[in-house]
Amino acid sequence: MSSNVRVRFAPSPTGYLHIGGARTALFNWLFARHNNGIFLLRIEDTDQQRSTEEATQAILDSMKWLGLDWDEGPYYQSQRLSIYKQYAENLVAQGKAFYDTDAEGRKAIRFKMEDGVTEFNDLIHGNITFDTALIEDFVILKADGFPTYNFACVVDDADMEITHIIRGDDHISNTPKQISLYNAFGFKLPEFAHIPMILGEDGSRLSKRHGATSVTEYRDKGYLPHALVNFLALLGWSPGNDQEILSIQEMIEKFSLKRANKTSAQFNNTKLDWMNGQYIKNTSVEQLTLEVKGFFEKSGIDMKKIPAVWLANLVKLYHERFKTFQDLLNQTGFFFTDAVEYDQAAVDKFLKKEGIADLLKEAYLVLSLVDNFDKQSLEDCLRTLTAKIGIGFSKVAQPLRVAITGRSVSAGIFETMELLGKEKTLKKLDSTIVTLGKTFESVKVDAEPSSA
RNA sequence: GCCCCCAUCGUCUAGCGGCCCAGGAUGCCAGGUUCUCAGCCUGGAGACAGGGGUUCAAAUCCCCUUGGGGGUACCA
């Protein structure tokens, strides 16, 4: 069943789609889908200086990545110049607008603001009143023949029969101008819903200095689009119960402007990370493996030599341990290199002890004798070793972990060795034993070469 | 400066006059599981910006103050 609801997302292509814009797009999209209405996309490229094709493409890509599909458009305002001109001249003919030349000699058309009171009922804020005497006659058609935002917006929204204007509340103060325009033309007024803005983590306006602010950056850092959508949906809206993880379908079913907030929200990367982790845990290993492959490839790892089964095992081992694909890459980088990159703190804590080299050599020896290099055999092997020496298991597990992975933190040591394989495990271990003798000064070890 | 919007734990929020000495999530702290971390489980600390009203009763309604955000362009 369709309805007459028609909404739009109308970004200006002067930069990437940022988080705030994405949330506005999402609310429009959810509103349209919930009401079986139409969601259309309109590119407001009326600023010839700042609009770029790259930005337009980035916005379209971001929308697609997020899954925000549109039913009409994208329409480009730059292709509708004659329409705006016609409407503007019509206003001049009616005496509601006039030509004006500024100090720089630029000739533009200005709209005559009538003194009075403009009041409208915002779907989110309720009644909002403005004294239009405080608003000056504003330009509607610039000297370059392009319309200004307020003008093009009204002409298009009326022409495209937009029923609900859902946009950031930074547009509240534009609304009286637009309403005056609607009235001047005799257009039917749409409903207005001004949703709060998204602020940076420090509560100030979201800007580049807050780190990642564009949708593409989140994509490139290995976030899942649904997680971002879910997170964004909960910024300024809630389903009314304690549910935080919602499928797209659930969001559509439950979405309502009545449950949208008036208060601006601060973007919180930490919670986004948690949510992305939740989505990763709820995504199958098969699916993740596919995406991880693509992500690792883009990150410069030669995946052609990596068997699919092996990668799936890696993903399985880290399934509950990583929050983003970038995070996974950071944690598992050592699997893809021969050299061991040491974390200094880990070395200081676990390798700079007397007798460590000997202990690792013993470990090397027994490990080299393990035929089936699987986690069970490895566990039996190492537990036997520590029992024989008479030390706690962690006394060997940690040095071994640092020796092989370079860090004090990793997935289970047996699983890690199994996945790494006997050859590479021994190679890394040997490399550490050698390094211990050479450069980890303050450690007294014999200069004899490590056994192989 | 002027105009507009907003105000519940650090953060995201539930709450729409009594069910709230305020619930959930995240983050943080502690304990458990354990080869480390993560995860998971259990517990804990943590908020109605301040001041006036209205009312038998206010986080919820009104006013003021303060704080934050937005606008004031031939930007959108």
Side-chain angles (χ1 to χ4, degrees), chain A residues 10-15 44-47 49-51 77 100-102 104 106-110 122 124-125 128-136 138-153 167-177 194 196-197 199 201 203-205 231 234-245 258-259 261-275 277-278 281 318-323 327 331 346 349-350 379 382-383 386 392-402 405 407-416:
Chain A
S12 70
T14 53
E44 310 216 319
D45 53 353
T46 53
D47 184 332
Q49 263 68 52
R50 299 197 304 146
S51 298
Q77 292 187 324
D100 177 54
T101 304
D102 69 6
E104 281 138 85
R106 295 174 299 176
K107 193 181 177 201
I109 297 180
R110 281 183 187 275
D122 190 276
I124 301 208
H125 296 271
I128 298 179
T129 308
F130 283 91
D131 176 358
T132 55
L134 266 20
I135 302 172
E136 62 174 9
F138 59 96
V139 170
I140 55 177
L141 202 71
K142 299 183 263 186
D144 64 3
F146 278 63
T148 56
Y149 162 72
N150 283 119
F151 187 64
C153 180
R167 70 205 339 179
D169 65 15
D170 48 333
H171 286 296
I172 287 181
S173 45
N174 283 321
T175 309
K177 292 181 187 171
H194 289 98
M197 307 199 70
L199 274 22
E201 301 215 86
S204 68
R205 184 171 197 161
F231 179 75
L234 261 27
L235 240 36
W237 174 79
S238 87
N241 53 26
D242 291 338
Q243 192 179 357
E244 301 244 341
I245 305 293
K258 290 194 188 72
R259 295 207 57 82
N261 280 160
K262 299 179 186 178
T263 63
S264 51
Q266 291 184 214
F267 194 85
N268 184 229
N269 278 291
T270 307
K271 188 159 185 180
L272 202 215
D273 283 349
W274 165 78
M275 189 166 279
Q278 294 297 304
K281 280 197 291 183
Y318 282 83
H319 202 178
E320 315 234 301
R321 318 171 71 93
F322 72 99
K323 297 211 162 97
D327 178 27
Q331 289 192 56
K349 187 168 182 190
F350 297 107
E379 174 152 18
L382 290 174
R383 293 230 184 244
T386 52
F393 180 69
S394 61
K395 285 280 188 294
V396 69
Q398 281 304 87
L400 204 51
R401 191 190 313 283
V402 179
T405 70
R407 310 173 188 195
S408 58
V409 171
S410 79
I413 190 67
F414 311 122
E415 291 85 346
T416 299

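Letters A, B, ... mirror the listed sequences (proteins, then strands); counts begin at 1.
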Which nucleotide, B/C74, B/C12, B/A76, lies nearest any side-chain atom of A/Asp102? B/C74

Consider the side chain of A/Thr148, meaning its heavy atoms from C-beta on, and name the nucleotide among B/A76, B/U13, B/G24 that approaches it most closely. B/A76

A/Lys271 side chain N/O closer than 4.0 Å to the phosphate oxygens (OP1, OP2) of B/G27? no

Quick one: which of B/G70, B/U11, B/C74 gets closest to the side chain of A/Ser173? B/G70

Tell me what A/Ile128 touches on the nucleic acid: a base, only sugar-phosphate, or nothing, going by heavy atoms under 4.0 Å. sugar-phosphate

Look through every strand shown and name the nucleotide pairing with B/A30 as Watson-Crick or G-U wobble, where both distances are under 3.5 Å. B/U42

Could you label the plane-to-plane angle of the A/Phe267 and A/Phe231 rings as parallel, tilted or perpendicular, counting under 30° as parallel and over 60° as perpendicular? perpendicular

What nucleotide among B/C35, B/C75, B/C74 has an atom nearest to a side-chain atom of A/Gln398? B/C35

Choosing from B/G23, B/U11, B/C35, which nucleotide comes nearest the side chain of A/Asn268? B/U11

I want to verify a distance call: between B/C74, B/A76, B/C35, whose nearest atom is closest to the A/Arg383 side chain? B/C35

Can you tell which of A/His125, A/Arg167, A/His171 makes a side chain to side chain donor-acceptor pair (under 3.5 Å) with A/His194? A/Arg167

Does a distance-only test, which skips hydrogens and angles, find a donor-acceptor pair under 3.5 Å between the side chain of A/Asn174 and the base of B/A76? yes

State which of B/G71, B/G27, B/G15 makes the closest approach to the side chain of A/Arg259. B/G15

Side chain A/Gln243, main chain A/Ile245, donor-acceptor under 3.5 Å: yes

Residue A/Ala143, side-chain heavy atoms: nucleotide from B/C74, B/C4, B/G24 that is nearest: B/C74

Could you tell me if A/Arg110 sits above the aromatic ring of A/Phe138, with its cationic atom closer than 6.0 Å to the ring centre and no more than 45 degrees from the axis? no

For the side chain of A/Glu244 and the base of B/G24, is some donor closer than 3.5 Å to an acceptor across the two? yes

Given B/C37, B/G71, B/C4, identify the nucleotide with an atom nearest to the side chain of A/Arg321. B/C37

Over all strands shown, is A/Gly412 touching base, sugar-phosphate only, or nothing at heavy-atom distances under 4.0 angstrom? base

Using a cut-off of 4.0 Å on non-hydrogen atoms, how would the nucleic acid contact of A/Ala10 be classed: base, sugar-phosphate, or nothing? nothing

Looking for any heavy atom pair under 4.0 Å, which part of the strands does A/Thr14 touch: base, sugar-phosphate only, or nothing? nothing

Expressed as a whole number of Å, how far does the C1' atom of B/U60 sit from that of B/G23? 15 Å

